[in-house]
Chemist: 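One structure, as structure tokens, below. Some questions next.
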Amino acid sequence: MAVCARLCGVGQSRRCRRRQRHNQPDQGSDSDMDEEEEERIVGKTVISNGCGPEILSAAAGPSVAHNAIGEFGSSNVKRLSYEAVVNTGPPNPQSLLHLPPELLVEIFSSLPGTELPTLALVCKKFRQILNTETVWRRRCTEEFGMREDLRKMEVVGVSSRELYAKLLHPYRHILGLWQPDIGPYGGLLNVEVDGLFIIGWMYLPPHDPRVEDPMRRRPLFRIHMWESNRAVVECMYGHKGPHKGDIQIGKKDEFSTKCNQTDHHRMPGGRQEEFRTWLEEEWGRTLEDIFHEHMQELILMKFIYTSQYDNCLTYRRIYLPPRLPSDLLQPGLFKGTYGSHGLEIVMLSFHGSRFRATKLTGDPNVPAGQLTLDVDLNRPVRLPDLEHQRSVEELSRLVLGMHEEAQQEPQSPDVAPQRAPNGDGAVAGDAGAESLEAAMDAQSESPRPGPSSSSSAPSDAQPFILPLGVMARNEVYPRTCKMCFYGTGLIAGHGFTSPERTPGLFVLFDEDRFGFIWLELKSFSLYSRLTDRLAHAYAPNMERFEAMLRNMQSWTS
């Protein structure tokens with residue numbers, strides 16, 4: 001312990017102890033000599049003097065040695081152990097084995113959990129230290145965010161090492177965001193470590209048309225070790241509580257769930273009771289409250305289609321896009337209104353001078369995975385004064401004029417995601433920044449037509465009102481906006497027949513809200529940001545995100 005105290009900068013240094021021995025030569029002891037010798041061993045092992053890393057490599061392999069010094073910090077070790085090795089004579093080859101156990105625990109706790117089993121094969125001492133709960137408790141905390149719940153597991157006889165080895169590590173590949181394969185309807189599943197469980201939460205939009213309400217969550221499955229010494233998978237679908245389920249992890253970025261007791265999904269009142277319960281949860285109303293006959297058909301069709309899966313689904317991984325400095329606003333997930341189809345979830349992303357919204361949930365007309373909005377940031381629209389904004393003809397004139405220009409011009413290179421030659425996204429970022437600057441200049445410098453142009457509002461707060469005749473499910477919407485751009489929205493017939501991109505107006509209200517006016521449909525969609533914290537969700541790079549988008553569209557094309 002004396003050696004450990006001096007290594008950590010606590011207590012007397014070796015020089016002080018040597019001075020004491022010179023002043024009191026008769027009080028020297030073998031124990032002091034042993035401690036001094038141990039200091040030499042520790043110092044020669046960890047100091048970076050040209051032989052330290054090689055000594056570590058001989059004991060534990062070059063990879064482990066490198067990580068041990070890198071994670072613990074060789075500069076810190078040198079500083080802590082310098083006084084312990086100065087003037088100790090020529091270095092003798094020693095090994096990591098001579099470090100005190102408490103220092104080894106600190107070093108091993110800093111290594112990734114995937115490397116620790118290999119490290120345990122080095123020797124009996126390493127194996128004993130790697131059985132310490134402190135090491136595995138720290139790995140569970142740093143890699144998976146578990147905190148006070150670990151103590152509860154230890155109370156019931158499950159160690160942190162067992163929790164890591166049998167639950168967290170085997171199922172680490174399913175953490176993050178996923179899209180279920182439910183035909184055109186899609187969905188959003190978030191798998192996260194939640195307390196003592198790994199839980200798959202299905203995210204559902206709020207009830208139509210309350211787009212700014214928080215998302216609703218429904219557990220579909222959970223994995224835990226609460227009642228046994230092995231991981232148990234349970235299906236959470238239905239209304240009779242958890243029951244036996246199974247998870248199969250197949251090829252990369254894909255897994256499947258299976259319920260082994262589908263009778264738990266049935267209700268005493270049969271399909272009618274199941275439908276009434278589903279309708280109340282999904283829409284927050286009864287069928288009698290829905291007067292529109294076409295809307296009733298759509299709702300009944302969705303229930304019949306989705307309920308046949310009985311929670312036996314295949315999921316494909318999806319990512320959130322990384323943000324680039326040139327992005328107009330933070331990309332991510334938004335809830336939006338889609339007429340009779342209710343609220344749907346879209347993913348906003350930027351690609352050069354294009355803004356795109358991709359459906360994560362869909363409907364029989366435009367299924368999940370399709371590009372619902374495509375906005376050209378090179379084509380800003382300056383709104384007229386409020387009096388002229390009320391005229392849908394005036395808005396159509398502005399937007400259709402840009403639509404004709406876009407149709408006549410060759411496709412811009414910015415339509416496709418751009419990459420710099422070295423793959424770092426510099427070209428796309430520069431193009432996006434230039435187009436955004438041009439858009440802001442155009443909207444701030446162009447005078448507004450009409451009598452109110454002399455008293456125009458600042459460019460970041462333009463008055464906004466929907467034209468007469470444009471339908472909106474949300475009567476309460478922002479009355480000011482920051483910027484507007486020309487864009488197109490995707491419409492199609494039932495079964496995704498005759499898809500067509502039609503012109504419209506993208507309206508940016510603030511960082512968390514935007515809207516789109518569908519001119520052909522004379523309809524307005526309001527979108528609000530999904531603010532839930534989503535771990536393990538962001539793409540490692542833009543290339544991986546773009547590949548995911550291409551695959552997503554092919555799933556439902």
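Sequential numbering from 1 along the given sequence is applied to the chain's residues. Note that the structure is predicted; figures quoted are calculated from it, not measured.
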Chemist: Between Arg172 and His169, is there a side-chain donor-acceptor contact under 3.5 Å, judged purely by atom types and distance?
Modeler: yes
Chemist: If you draw a 6.0 Å radius around NZ in Lys258, do more than 12 non-hydrogen atoms from other residues or ligands fall strictly inside?
Modeler: no
Chemist: Hey, are Glu282 and Lys302 close enough for a salt bridge, meaning a charged N less than 4.0 Å from a carboxylate O?
Modeler: yes
Chemist: Which donor-acceptor pairs under 3.5 Å do side chains of residues 236-249 form with protein atoms, sequence neighbours excluded?
Modeler:
from   : atom 1 : to     : atom 2 : distance (Å)
His243 : ND1    : Cys235 : O      : 3.4
His243 : ND1    : Gly241 : O      : 2.9
His243 : NE2    : His265 : NE2    : 3.2

Chemist: Under a 4.0 Å threshold between the charged nitrogen and the carboxylate oxygen, would Glu106 count as salt-bridged to Arg138?
Modeler: yes
Chemist: Is the shortest distance from a Lys or Arg side-chain nitrogen in Glu254 or Arg317 to a carboxylate oxygen in the other one below 4.0 Å?
Modeler: no
Chemist: Does a salt bridge link Glu281 with Arg218, judged by any charged N lying under 4.0 Å from a carboxylate O?
Modeler: yes
Chemist: Between Arg266 and Asp310, is there a side-chain N and carboxylate O pair less than 4.0 Å apart?
Modeler: yes
Chemist: Assess the side chains of Ser528 and Glu212: does a donor N or O sit below 3.5 Å from an acceptor N or O?
Modeler: no
Chemist: Rounded to the nearest 0.5 Å, how far apart are CG of Leu313 and OG1 of Thr257?
Modeler: 5.0 Å
Chemist: Side chains of Gln330 and Arg323 only: does a donor on one sit below 3.5 Å from an acceptor on the other?
Modeler: yes
Chemist: Looking at Asp374 and Arg354, is any side-chain nitrogen of the basic one under 4.0 Å from a carboxylate oxygen of the acidic one?
Modeler: yes
Chemist: Is the backbone N or O of Phe221 less than 3.5 Å from a side-chain atom of Trp201, with the two atoms forming a donor-acceptor pair by type?
Modeler: no
Chemist: At what distance, to the nearest 0.5 angstrom, does CZ of Arg533 lie from OG1 of Thr531?
Modeler: 13.0 Å
